[in-house]
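All heavy atoms count here, side chains included; hydrogens, waters and symmetry mates do not. Residue numbers start at 1 and run along the sequence shown.
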Amino acid sequence: MGRADRFGPCVSRSRDVAEQLAQWFLARHPNEELLWDLFPENNLAESLGFALSRRLTRMTRGRALTGDNSLIYAGAGFEFG
């Protein structure tokens, strides 16, 4: 599973635009194993046929991460922070 193509990063002010980008990506990768790392605030993945395969926990040491995850529809991969 770690060698599959990955949708992301995807940051958008509009859910509709994020979905259009995801549809564009999916159309270019038919019948391939794909990964999509996301925050729970914006889960388009399930509506596009993805199923949960893992849960990850973002951890910090020192200063806590704060920010608005509501615009993030797909991460670049948790290995990128």
Side-chain angles (χ1 to χ4, degrees):
M1 176 174 278
R3 297 194 180 266
D5 283 327
R6 178 184 312 272
F7 174 62
C10 178
V11 177
S12 176
R13 290 188 179 109
S14 164
R15 181 180 174 92
D16 291 337
V17 171
E19 186 170 358
Q20 288 173 19
L21 289 169
Q23 293 284 9
W24 174 87
F25 178 81
L26 293 173
R28 279 145 186 81
H29 297 274
N31 305 315
E32 293 180 31
E33 183 177 355
L34 302 172
L35 297 174
W36 186 333
D37 290 328
L38 52 83
F39 293 102
E41 290 90 343
N42 288 321
N43 187 349
L44 289 173
E46 288 179 338
S47 68
L48 296 173
F50 285 78
L52 178 65
S53 65
R54 63 184 179 174
R55 289 196 190 276
L56 302 172
T57 302
R58 177 173 275 177
M59 299 173 68
T60 64
R61 183 172 182 216
R63 183 177 59 92
L65 293 176
T66 58
D68 183 3
N69 294 334
S70 68
L71 302 177
I72 302 172
Y73 287 86
F78 284 94
E79 64 274 19
F80 296 110

Task: Set of side chain to side chain donor-acceptor pair (under 3.5 Å) partners for N69, sequence neighbours left out - done: none
I need the [X] [atom1] to [Y] [atom2] distance, nearest 0.5 Å.
X: E46; Y: L38; atom1: CD; atom2: CG; result: 8.0 Å
X: S12; Y: L71; atom1: OG; atom2: CG; result: 8.0 Å
X: D5; Y: H29; atom1: CG; atom2: NE2; result: 5.0 Å

With a cut-off of 3.5 Å and sequence neighbours excluded, list every side-chain donor-acceptor pair involving residues 14-28.
from: S14; atom 1: OG; to: D16; atom 2: N; distance (Å): 3.2
from: S14; atom 1: OG; to: V17; atom 2: N; distance (Å): 3.2
from: R28; atom 1: NH1; to: W24; atom 2: O; distance (Å): 3.0

TODO: Identify, with sequence neighbours excluded, every residue that meets ring-ring contact (aromatic ring centres under 6.0 Å, His included) alongside F50.
DONE: W36
Task: Considering all heavy atoms, the nearest R6-A76 contact - done: CD-O, 3.5 Å
